[in-house]
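The structure displayed is predicted, hence computed values, not measured ones.
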Amino acid sequence: MPAEQAYCAQALAQTLPPLLARIHETLGEVVEVQEFADAARFVIRGPLVTADAGHGDSIAVNGVCLTVVDVADGTFSADVMAETLARSS
C-alpha cells in the first residue's frame, strides 16, 4: 500500500507575533502508525516542518493541530487520541 500523504502547516509557538508564527506549507508523508487501545502515534516525514520543530511544538496536519512528541531524521511523531481519530480524516 502506498504511504499516505498529509498536508502539513507548522506554526511554532515560541515566535508568535500576535497570532501568527512561521508558517510552512508542504506535502508530508505518513511513514508509520502505531495503534494503541484509545489512541495512535503517527510518524510523519516532513523535512521542511521538522527543520526547526521541537518537542511540544504544534503542527497542523489536514486541519488538525498535533503536538510534536519527537523529531528525528526529517520526521516528527505525534500522539492522536481516539476522539480526534473519530472526528478527522
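The minimum heavy-atom distance between Ala39 and Leu85, with the atom names listed, is C-CD1, 4.2 Å. Here the shortest heavy-atom pairing between Ala78 and Leu66 reads CB-CB, 3.7 Å. Residue Val64 comes nearest to Ser88 through the heavy atom pair CG2-CB, 3.6 Å, listed as atom of the first residue, atom of the second, then distance. Looking at every heavy atom in both residues, Ile59 comes nearest to Ala53 through CD1-CB, 4.4 Å. When all heavy atoms are compared, the tightest approach of Arg41 to Val69 is NH2-CG1, 3.5 Å.
Considering CG of Asp79 and CZ of Phe36, their distance stands at 6.5 Å, rounded to 0.5 Å.
None of Arg45, Glu29, Glu32 except one satisfies the side-chain contact (heavy atoms from CB on, under 4.5 Å) rule with Thr75; the exception is Arg45. Remark: of the listed residues Thr50, Val49, Asp52, Thr50 is the sole one forming a side-chain contact (heavy atoms from CB on, under 4.5 Å) with Val71.
Contact annotation: the side chain of Phe76 never approaches that of Val43 to less than 4.5 Å [non-hydrogen atoms, C-beta and beyond].
Here the side chain of Thr84 pairs no donor or acceptor atom with the backbone of Val80 at under 3.5 angstrom.
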Given side chain to side chain contact (heavy atoms under 4.5 Å, CB included), test Ile44 with Val31 step by step and report yes or no. CA-CA 6 Å; Ile44 301 171; Val31 294; over 6 Å; no
